[in-house]
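These notes are about the structure you will find just below.
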Amino acid sequence: MQARDIEQHLAQLGQELADRGVQKPIRVLLIGGAFMLLLAKMQRSTDDVDILWLDEDDAFQRAIDALREGVQAVAEKQRLEPDWFNYMTHLLMYDVVTIPKGTLWKRFGPLHIYVPSKTYILALKILAGRQKDIEDSRVLLPYVRVKTRQHARRLLDRYVSPAALASNAEDIEHALEELFPE
């Protein structure tokens with residue numbers, strides 16, 4: 001997916017949710033490759049739209065059926081993978097990272113898309129430590145005031161749990177060495 005595709009799919013998902021009677025906002029935080037394409041203007045593609053859920057669990061439970069159906073309908077109409085709108089990311093990360101409130105970016109009917117700061121995304125990218133995440137980090141660095149490895153570590157300490165820092169220490173160290181060679 002390219003940036004324009006993502007926006008079209010999100011708009012279609014918002015319409016699907018409205019068609020299913022969803023009136024209360026479904027608030028999600030956009031992260032991952034979709035953030036990089038839409039907000040860092042990176043020239044690449046992504047396979048999915050990673051999100052973190054911003055509402056309390058009861059709001060999520062009330063909306064999950066409509067959300068699943070809407071995501072599936074968009075996937076069928078646009079010939080996308082069933083997990084193109086990846087809310088499972090939340091389950092993998094909710095106890096690993098602090099989830100910020102973010103800033104409202106766009107509304108697509110009842111689907112409200114929030115975005116975190118670029119420093120937050122940088123911390124997530126360093127935590128992931130994969131080559132594509134390191135490349136994304138290089139794109140983010142000019143936008144943020146992170147110039148040293150120590151500053152990057154403070155960012156990680158701010159957003160990532162101590163347990164996750166410990167279990168991902170090798171990937172983090174590799175990413176920091178790539179981004180801030182001494």
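Heavy atoms only: backbone and side chains are in, while hydrogens, waters and symmetry mates are out.
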Can D136 and R44 be said to form a salt bridge (Lys or Arg N to Asp or Glu O under 4.0 Å), step by step? CA-CA 10 Å; D136 288 351; R44 69 171 178 90; 2.7 Å; yes
Within-4.5 Å side-chain heavy-atom neighbours: T119 and Y143: no
Reported CD1-to-CD distance for the pair I134 and E178, which is rounded to 0.5 angstrom: 5.0 Å
Given side-chain contact (heavy atoms from CB on, under 4.5 Å), test T89 with I51 step by step and report yes or no. CA-CA 6 Å; T89 306; I51 61 103; over 6 Å; no
Nearest atoms (heavy-atom pairs only) where R20 meets A73: NH2-CB, 3.9 Å
Could you state the interatomic distance from CG (L155) to CD1 (I126), rounded to the nearest 0.5 Å? 7.0 Å
Which heavy atom of P116 sits nearest a heavy atom of F35, and at what distance? O-CE1, 3.6 Å
Between E135 and Q131, does any side-chain donor sit less than 3.5 Å from a side-chain acceptor? yes
How many angstroms lie between atom OH of Y87 and atom CH2 of W53, to the nearest 0.5 angstrom? 9.0 Å
CD1/I113 to CG/L30 distance, rounded to the nearest 0.5 angstrom? 6.5 Å
Decide yes or no for K101 and L54: does some side-chain heavy atom of the first lie under 4.5 Å from some side-chain heavy atom of the second? no
Here the gap from M93 atom CE to L127 atom CG, rounded to the nearest 0.5 Å, amounts to 6.0 Å
So which heavy atom on A11 is nearest to which on F108, and how close? CA-CD2, 3.4 Å
From CA spacing to verdict: side-chain contact (heavy atoms from CB on, under 4.5 Å), K132, K125: CA-CA 9 Å; K132 70 179 183 177; K125 294 292 183 178; 6.0 Å; no
Distance col, row K106:NZ vs L38:CG, nearest 0.5 angstrom, shows 7.5 Å
In the structure I gave you, are the side-chain heavy atoms of L52 and V28 within less than 4.5 Å of one another anywhere? no
Checking the side chain of Y159 only, and the main-chain atoms of I121 only, is there a donor and an acceptor separated by less than 3.5 Å? no
D133 and A128 have their tightest heavy-atom pair at OD2-CB, 3.2 Å
Under 3.5 Å donor-acceptor, R107 side chain and H112 backbone: no
In a check of side-chain hydrogen bond (donor to acceptor under 3.5 Å, both in side chains) between Q72 and each of R68, E69, E76, which one passes? E76
Are any side-chain N or O atoms of D171 and backbone N or O atoms of N168, one a donor and one an acceptor, separated by less than 3.5 Å? no
Do you know which two heavy atoms are closest between L13 and L111, and how far apart they sit? CD2-CD2, 3.8 Å
In terms of heavy-atom contacts, S137 and L179 come closest through CB-CD1, 3.6 Å
Can you check whether D47 reaches E81 side chain to side chain, under 4.5 Å on heavy atoms? no
Does D19 have more than 12 heavy atoms from other residues, nucleotides or ligands lying within 6.0 Å of its CG? yes
Test side-chain contact (heavy atoms from CB on, under 4.5 Å) on H9 and I6; report intermediate values, then the result. CA-CA 5 Å; H9 299 331; I6 294 167; 5.7 Å; no
Looking at side-chain heavy atoms only, is the closest gap between M1 and E7 below 4.5 Å? no
State whether the side chain of W84 and the backbone N or O of V71 hold a donor-acceptor pair below 3.5 Å, judged by distance alone. yes
Any side-chain heavy-atom pair of L165 and I172 under 4.5 Å: yes
Any non-hydrogen side-chain atom of R149 less than 4.5 Å from a side-chain atom of E177? yes
When you look at F85 and L80, which way does the side-chain contact (heavy atoms from CB on, under 4.5 Å) test go after all the steps? CA-CA 10 Å; F85 188 76; L80 299 171; over 6 Å; no
